[in-house]
Asker: 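I have a structure I would like to understand better, so I am pasting it below and will then ask my questions one at a time.
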Protein chains: 2
Amino acid sequence: MNDISFNTRANTRDCGTCPIRHRAVCARCQPDELEQLDAIKYYRTFEAGQPVIWSGDPMEFVSSVVSGIATLSQTMEDGRTQMVGLLLPSDFIGRPGRNTAPFDVVAVTDLTLCCFRKTPFENMMEKTPAIGTRLLQMTLDELDSAREWMIVLGRKTAREKIASLLTILARRDASLHVKPPRDGMSFELPLTRESMADYLGLTLETVSRQVSALKKSGVIELQGKRRVIIPDLNRLISETGDDMDGGLIT
Amino acid sequence: MNDISFNTRANTRDCGTCPIRHRAVCARCQPDELEQLDAIKYYRTFEAGQPVIWSGDPMEFVSSVVSGIATLSQTMEDGRTQMVGLLLPSDFIGRPGRNTAPFDVVAVTDLTLCCFRKTPFENMMEKTPAIGTRLLQMTLDELDSAREWMIVLGRKTAREKIASLLTILARRDASLHVKPPRDGMSFELPLTRESMADYLGLTLETVSRQVSALKKSGVIELQGKRRVIIPDLNRLISETGDDMDGGLIT
DNA sequence: GCGCAACTTTGATCAGGATCAAGACAAGAT
DNA sequence: ATCTTGTCTTGATCCTGATCAAAGTTGCGC
């Protein structure tokens, strides 16, 4: 027996083989599986801006993000693009049972992935049902997040959209730190204004204007163009239009 | 051995215990499991308009839609609502491993669900890993659909949104029939203009106007307010803004 | 038949965000 | 220092879809 629990984003642990703390499948490596894992596991790194895989490409691995940030997005023929997900450390990329990528994956910052060759991974899943269970839980989480994002895209105003995105980023950032948010948290924006626009279904000009507007209202402060200071998180949350007590995508 | 394959929406089969053809978990009942299944399985029916469950409510069952249509939606405090999913026969409702419903589920038409009490279902999942695998595949499908819907909500014009919705409904309807679409397919709109608006992130007036506009352009025809005739599906698809050859949510 | 309620269409006007256009700013490169 | 390049901000204008309002349609109960 061992005490491995299903780690949540706020409750990560060292897996012993990967360089950082994370919660994805390879974080659950068990000692006697490591030999085999090492045979099928490898790291890949990407520079900021590089594509990881294009929609429709054959995909011979599954992976989890070790460090850096990637985006999951889709582009129409005429160039309109929509981000459908933000991949942060510990997030999982890939589809056991599928052969092609359904969306574009692009490295936003320098990116390291911990990859598993797909077939051996699938075999491992069969032998270790806990992995499948874990993956199902993660997928259900992602599905809920995706659905919660729909109300942002479909029903929120530009200002609410920006506030929603900043809230998510602030919360994700806060969960990386040990100290709980002493008011006056701050974080580095990983996205350009254009990426934010693609995530929110806006134009980059509107994003810029609304960020400025939130600054003018005192809801946020900026140091340079990328560092965001949030004097009062509840104030920001109240700008999202959401219920105060939760529900927002984590 | 048996030849049960992972059924897709276009490839359903009789499960032998449920009244109609469908592809969800209970469609995969195996003869020797039936006795036990009957002990934990039951049907529930809802009238059109009735809620099945509210977001946040404790949820003691999982289920699949046997007949009728339900919506999955979310409402903000001020009343703005966004549908995040359309549940058609064979779709699965519920979260193994969760105790509360993440979204509102409402019956749009008269609805029959095939329900399984959650704990016994989860036990069954543990004993029969194929169920978990199947559920993971279905969840991955739903996740892809949810993400594909994001580009509709975030980047499409009102006309494209309507065309996208009609295309999905037309395709789903077509997959229920044996004959492939002899051009000139038609189907009954299951949704009111308001529900369509909530699905597409529009107002009901805009939906009405754009439906009229598509009619005036000859892309669709209407018999009464609810029956839609599609003389040329490709013509409709070209109005969605999507790539001709696929990709659209199924 | 009539009346009523729910749903739908259509019109007039408004506004939020898109679009077009010009600069501002910062970090590197020469 | 100057030029370049990419990113961001700000302004002016336009247009799509929202909002407000009224009337048309359908189905149902009586």
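The sequence lines fix the lettering, A, B, ..., with proteins before strands; numbering per chain opens at 1.
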Asker: Using a strict threshold of under 4.0 Å (side-chain N to carboxylate O), is an ion pair present between A:Glu188 and A:Arg226?
Answerer: no

Asker: Do B:Thr206 and B:Thr203 meet the criterion of a side-chain donor-acceptor pair at a distance under 3.5 Å?
Answerer: yes

Asker: Report the C-alpha distance between B:Ile93 and B:Leu113 in whole Å, list the side-chain angles of each, state the deciding distance to 0.1 Å, and finish with yes or no for side chain to side chain contact (heavy atoms under 4.5 Å, CB included).
Answerer: CA-CA 9 Å; B:Ile93 303 174; B:Leu113 300 184; 4.0 Å; yes

Asker: Are A:Thr206 and C:dA18 close enough that a side-chain N or O sits under 4.0 Å from OP1 or OP2?
Answerer: yes

Asker: Starting at CG of A:Leu189 and ending at P of D:dC8, how long is that distance when rounded to a whole Å?
Answerer: 9 Å

Asker: At under 4.0 Å between heavy atoms, what does A:Gly201 touch on the DNA or RNA strands: base, sugar-phosphate, or nothing?
Answerer: sugar-phosphate

Asker: Spell out, as yes or no, whether a donor-acceptor pair under 3.5 Å connects the side chain of A:Asp57 to the backbone of A:Trp54.
Answerer: yes

Asker: Keeping B:Asp104 on the side-chain end and B:Ser55 on the backbone end, is there a donor-acceptor pair under 3.5 Å?
Answerer: yes

Asker: Provide, to the nearest angstrom, the distance between the CD atom belonging to A:Glu194 and the C1' atom belonging to D:dT9.
Answerer: 15 Å

Asker: Return the 5'-most residue of the pair A:Ser208, B:Ala158 with respect to DNA chain D, ranking by each residue's nearest nucleotide.
Answerer: A:Ser208

Asker: Taking CG from B:Leu191 and C1' from C:dC7, how many angstroms apart are they, rounded to a whole number?
Answerer: 14 Å

Asker: Want to settle it: does B:Ser212 or A:Leu202 sit nearer the 5' end of DNA chain C, counting the closest nucleotide to each?
Answerer: B:Ser212

Asker: Whether the side chain of B:Ser208 engages the backbone of B:Leu204 through a donor-acceptor N/O pair (distance < 3.5 Å, no angle test) should be reported.
Answerer: no

Asker: Between C:dG16 atom P and A:Ile162 atom CD1, what is the distance in whole Å?
Answerer: 16 Å

Asker: Dump the pairs, protein N or O against N or O of nucleotides 21-28 of chain D, anything under 3.5 Å, distances to one decimal.
Answerer:
none

Asker: Check every strand shown and say whether A:Thr192 touches a base, only sugar-phosphate, or nothing at a heavy-atom separation below 4.0 Å.
Answerer: sugar-phosphate

Asker: Just checking, is any N or O donor in the side chain of A:Arg227 or A:Ser186 under 3.5 Å from an acceptor N or O on the other one?
Answerer: yes

Asker: Tell me the closest heavy-atom pair linking B:Ile69 and B:Thr109, and the distance in Å.
Answerer: N-OG1, 2.8 Å

Asker: In whole angstrom, what separates B:Arg226's CZ from C:dA6's C1'?
Answerer: 10 Å

Asker: What nucleotide, of C:dT9, C:dG17, D:dT9, holds the atom closest to the side chain of B:Arg193?
Answerer: C:dT9

Asker: Within this structure, what is the CG-to-P distance between A:Leu200 and C:dG16, rounded to whole angstrom?
Answerer: 18 Å

Asker: Measure from the side chain of A:Thr203, starting at C-beta and using heavy atoms only, and say which of D:dT9, D:dG17, C:dA18 lies closest.
Answerer: C:dA18

Asker: Using atom CG of A:Leu214 as one end and atom C1' of D:dC8 as the other, report the distance to the nearest whole Å.
Answerer: 16 Å

Asker: Could you tell me the separation between the NZ atom of A:Lys156 and the P atom of D:dA18, rounded to a whole number of Å?
Answerer: 18 Å

Asker: Whether the side chain of A:Arg155 engages the backbone of B:Thr81 through a donor-acceptor N/O pair (distance < 3.5 Å, no angle test) should be reported.
Answerer: yes

Asker: Please state whether the rings of B:Trp149 and B:Tyr199 are parallel, tilted or perpendicular, taking 30° and 60° as the class boundaries.
Answerer: parallel

Asker: Compute the angle between the rotation axes at the two ends of the helix from C:dG1-D:dC30 to C:dT30-D:dA1, each taken over five pairs, rounded to 10 degrees.
Answerer: 30°

